[in-house]
Amino acid sequence: MQPALRITTKVLPGNKIEIEIPEAQIGDSVDVFVVLPEKVEPKKRSVMEILEEVHAKLPPKSAEEIDRQLREERESWDS
């Protein structure tokens, strides 16, 4: 079985990578495989879907509760 070395590194400016292989000698041939991470596309949702999700998580409020909250908010502006 061939020896293998797994190294995780960062892409440097100029889209370059640098790898140090202590076990290798100058002039040795090596095979290099670069595996890019999967980029997950963010799920695009409409505003309506987001609002429905938020409302589903919140307990329903009565008209009286909403009026009371609005009144308290308005009163806080005068303070």
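Quick note: numbers below take in every heavy atom, side chains included, and nothing from hydrogens, waters or symmetry partners.
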Hey, are the side chains of [X] and [Y] touching, using non-hydrogen atoms and a 4.5 Å cut-off?
{"X": "Glu53", "Y": "Lys57", "answer": "yes"}
{"X": "Lys43", "Y": "Arg45", "answer": "yes"}
{"X": "Glu18", "Y": "Leu12", "answer": "yes"}
{"X": "Leu70", "Y": "Glu73", "answer": "no"}

Pair Asp28-Gln25, side chain to side chain contact (heavy atoms under 4.5 Å, CB included): steps then yes or no: CA-CA 6 Å; Asp28 285 353; Gln25 300 294 319; 3.5 Å; yes

ILVMFWY cluster, [X] and [Y] together (side-chain gap under 4.5 Å):
{"X": "Ile7", "Y": "Leu36", "result": "yes"}
{"X": "Ile21", "Y": "Val32", "result": "yes"}
{"X": "Ile17", "Y": "Val35", "result": "no"}

More than 12 heavy atoms of other groups within 6.0 Å of Glu23 CD: yes

Pairing of Arg68 and Glu72 as salt bridge, 4.0 angstrom limit: yes

Value rounded to 0.5 Å, distance of NE2 in His55 from CD1 in Ile50: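 Output value for this atom pair is 11.5 Å.
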
Nearest atoms (heavy-atom pairs only) where Glu49 meets Lys44: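 The answer is OE1-O, 4.4 Å.
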
Donor-acceptor pair, side chain of Glu65 and main chain of Ser62, under 3.5 angstrom: yes

